[in-house]
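Okay, so here's the structure we're looking at.
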Amino acid sequence: MDAQEILKNLEKDLKYYNDSIKEVAYEVLSSKISKYPIFIAHQHEVKIGEVILNKDDFEKNWTINATTVEEL
């Protein structure tokens, strides 16, 4: 799979996850946890942030983790 196919694949999953990511961002901002939520898309296990959308739960190709600037 070339870089363009990977990006198209990621874009497709992000469109599916869009509303959920917005909800998490709103929660982080409104509860004043951070002014800077960060979302990490990955296909393998990473140890940054917390999993908020697991690819296996949604039969997608990308998992999304959430963290903040302060945690990094």
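Taken together through direct or relayed side-chain contacts under 4.5 Å among Ile, Leu, Val, Met, Phe, Trp and Tyr, Ile21 and Tyr16 form part of one hydrophobic cluster. Under the 4.5 Å side-chain contact rule for hydrophobic residues, Leu14 and Leu7 do not share a cluster.
With rounding to the nearest 0.5 angstrom, the CD atom of Glu50 is 10.5 Å from the CD1 atom of Ile40. Taking NZ of Lys55 as the start and NE2 of His44 as the end, the distance is 7.0 Å to the nearest 0.5 Å. Going from atom CD of Glu11 over to atom CH2 of Trp62 covers 12.5 Å, rounded to the nearest 0.5 Å. Here the straight-line distance linking atom CG of Leu10 with atom NZ of Lys15 works out to 11.0 Å at 0.5 Å rounding. Separation of atoms OG1 (Thr68) and CZ (Phe39) is listed at 10.5 Å; rounding is to 0.5 Å. A distance of 4.0 Å separates CG in Asn9 from CG in Asn61, rounded to the nearest 0.5 Å.
A cation-pi geometry, defined here as NZ or CZ lying under 6.0 Å from the six-membered ring centre and within 45° of its normal, does not hold between Lys60 and Tyr17.
Of the candidates Ile64, Ile52, Leu53, Ile52 is the only one forming a side chain to side chain contact (heavy atoms under 4.5 Å, CB included) with Val24.
Listed here is the closest heavy atom pair of Lys35 and Glu70: N-OE2, 4.4 Å.
If you check the side chains of Thr67 and Glu71, you find a donor sitting under 3.5 Å from an acceptor.
One N or O on the side chain of Asn65 and one on the backbone of Ile48 form a donor-acceptor pair closer than 3.5 Å. With hydrogens and angles ignored, the 3.5 Å screen pairs a side-chain donor or acceptor of Glu5 with a backbone N or O of Asp2.
Around atom CD of Glu45, no more than 12 heavy atoms belonging to other residues, nucleotides or ligands sit under 6.0 Å away.
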